[in-house]
Q: 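Sharing a structure here in structure tokens format.
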Amino acid sequence: MTPLIKRILLAILNLLGIVGLGTILAGRVWTGVIQMILALIAFALSLGPLIWLAGELGTTAEDLASVSDRIQTLPLDTLLFVTGLSLLGVILFFINWTWSGFTTGAKHQSPPPLKRDAEITETC
């Protein structure tokens, strides 16, 4: 497999699969682990408050009819807090997802050492 095809496959895995997994397979273990942890935090931030709100509003079919009435009874600061946390989670996930697209390439290798003066004069 050529390096270009490998890099493309790792990017697809990283962007469409589990964020950070392609980075780990590319050899950047700590960066990939950080990306996975950030993805889990972003997931919890984006869905956690919404799940809490759904629990507060009721989840049965009979309860859904009066959801708009119950939303209006919730304090505005509670709704803004829930919305803000969810939006923060979505933004964090998007930034992390974008970052993962740039880290799937193999680790950069250092350039070869420079030749010494004696080696340079021998070759000339």
Q: Where is the tightest heavy-atom contact between Ile24 and Gly32, given as atom of each residue plus distance?
A: CG1-CA, 3.6 Å
Q: Any side-chain heavy atom of Phe94 within less than 4.5 Å of one from Val90?
A: no
Q: I'd like to know if Leu45 and Phe81 are part of one continuous hydrophobic network [Ile/Leu/Val/Met/Phe/Trp/Tyr, side-chain heavy atoms within less than 4.5 Å].
A: yes
Q: Shortest non-hydrogen contact from Leu50 to Ser86?
A: CG-OG, 3.4 Å
Q: With sequence neighbours excluded, what pairs up with Leu79 under the side-chain contact (heavy atoms from CB on, under 4.5 Å) test?
A: Leu53, Ile71, Leu74
Q: Which heavy atom in Leu85 sits nearest to a heavy atom in Pro49, and how many Å separate them?
A: CB-CG, 3.6 Å
Q: Group every Ile, Leu, Val, Met, Phe, Trp and Tyr by side-chain heavy-atom contacts under 4.5 Å, then state whether Leu40 and Leu88 land in the same group.
A: no
Q: Rounded to the nearest 0.5 Å, what separates atom CG in Leu47 from atom CH2 in Trp52?
A: 15.5 Å
Q: Please test Val19 against Met36 for side-chain contact (heavy atoms from CB on, under 4.5 Å), starting from the C-alpha separation and ending with a verdict.
A: CA-CA 6 Å; Val19 175; Met36 284 183 164; over 6 Å; no
Q: Does some side-chain heavy atom of Gln35 sit less than 4.5 Å from a side-chain heavy atom of Thr31?
A: yes
Q: Are Ile18 and Ile37 connected in the hydrophobic side-chain network, where two residues link if heavy atoms are under 4.5 Å apart?
A: yes
Q: Hey, could you give me the CD1/OG distance between Ile51 and Ser46, rounded to the nearest 0.5 Å?
A: 9.0 Å
Q: Might you point out which heavy atoms bring Ala39 and Asn96 nearest each other, and give the distance in Å?
A: N-ND2, 3.2 Å
Q: By side-chain contact (heavy atoms from CB on, under 4.5 Å), which residues pair with Ile34, not counting sequence neighbours?
A: Leu38, Trp99
Q: Determine whether a donor-acceptor pair (N or O, by modelled atom type, separation under 3.5 Å) exists between the side chain of Thr83 and the backbone of Leu80.
A: no
